[in-house]
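This report concerns only the one structure given below.
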Amino acid sequence: MTCVFSRRQLPPTAGLPLHWRDLAGRHADFSADLAQALGIPPPLLTCSGTAALIIALRTLQQRQPDRYQVIVPAWTCPLVALAVHYCPSLKIIPCDIRRGSINFDRQKLAQLCGSQTLAIVVTHLAGRVADTDYAIHVATANGAAVIEDAAQSMGAKNAGKSVGLAGDIGFFSLAMGKGLTTAEGGVLFSRSAELQAALARQIASDLPHHAGWELRRITELWCYWLMYHPDRLDWVYGRQQRAALKRGDTVAAVGDDFTVDDIPLHTLGHYRQRVAAAAFRRFPLWLLDNRQRAERRVVALERLPGVTVMQDGAEQQGVWPFILVLMPDGASRDRAMRRLWSAGLGVTRLFIHVLSGYPAVLPFIQPTSTPNAEDFAARSLSISNSHWVREADFTRILNALRTALATEDAAKES
Ligand SMILES: *Cc1c(COP(=O)(O)O)cnc(C)c1O
């Protein structure tokens, strides 16, 4: 059935839709449910993934107040860098990635990490499982900590264990579009009971209850329940994105236009926890369904000449909010986006720039040379893995990519 008032708009990621029954908020202990299903210690809950990172950094800062550098991948969510605005004296050091990979360039990481490094942030981007072993090796040698940013990867496993358990501290995001959502929210934990207790103390001192923000987030969560559907998403997502693209504002089109004012610090209210706990009962089956769909589609994408899809290693089992694709070059990626970005098919870009490309982020970073991260930003695109992306939609996407890859097309357009 199609809606007469609005064009069909697929979501850019696979968010877990809410049922009206979830909104009754009858379900009990969200933290205990997460712990049991994911095999992690009962996690602490925060108002956002960024807030979880801020708490992690502040906790580590108190243990090693003389260290001030935080190493992060040069291509990541700008909020990660903006977080240090709330941890005075910390600086972000962007580290380049390996060409065509989400993992750190090992040599660069070893060069950048030293006696002033507080933490290395390993990022499980796009649901993939990133390499934590080498970061742990380098961090340990230098007395630094490892934080696993699994904002996009709740449910992902490395050798049978949840991501976030190998390093010192791990966190997930419950923001809209990352999977399970509380409108905004964060899940923070440590395999070390001692560190977990320190994180809990930090939260108790730094995150107050805030009625205004809580009311706003509850309203947003109800809006998500109401509007998160292909027949209605155009009103709250598609239109704004097309308008931004028309202005040439790609950063706004993907929602990367953050500032430090977008990071309130408060608790995650009990009502929203109960709503999430209710939805979470569907989470394991939904992850499985997403995985099966993605695995089929990855095979088809990998057949396209010169195209690479981000996948997992042998022992790893990631999750699939979307499929992260690398085109052979920036020109073919741009041709593909011209056809697909405004088509309502859930094809978009993840982060437009490397960290140093965002003016709001610049005051918080010590820029380094990051050619591979720039290459990744120029060649990548993402394809939604929502269950609403039907086979016919995916075929349209494949065809558009095929056309973008054909050189005749390049000649025609130039
Ligand atoms: C979204 C995201 C964050 C921040 O999480 P929020 O819940 O939106 O604050 C951090 N890191 C990565 C990689 C992300 O994608």
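Every number for a ligand or one of its atoms is a count from 1 in the order of the listing. What you see is a predicted model; the values in this text were computed from it and never measured.
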What pairs of residues pass the side-chain hydrogen bond (donor to acceptor under 3.5 Å, both in side chains) test when at least one of them lies in residues 134-161, not counting sequence neighbours?
His124-Glu148
Regarding Asn399 and Arg396, do their side chains bring together a donor and an acceptor under 3.5 Å, going by distance alone?
no
Heavy-atom side-chain proximity of Trp320 to Val298 below 4.5 angstrom:
yes
What residue pairs, at least two apart or across chains, pass ring-ring contact (aromatic ring centres under 6.0 Å, His included) with a residue in residues 83-115?
His85-Phe364
Ion pair present between Glu391 and Arg293, side-chain N to carboxylate O less than 4.0 angstrom?
no
Show the protein residues that qualify under the rule heavy atom under 4.0 Å from an atom of ligand 1, listing them in chain and number order.
Ser48, Gly49, Thr50, Thr76, Cys77, Leu79, Val80, Thr123, Leu125, Asp149, Ala151, Gln152, Ser173, Ala175, Lys178, Glu184, Gly185
Those residues at least two apart in sequence (or on a different chain) that pass ring-ring contact (aromatic ring centres under 6.0 Å, His included) with Phe394 are none
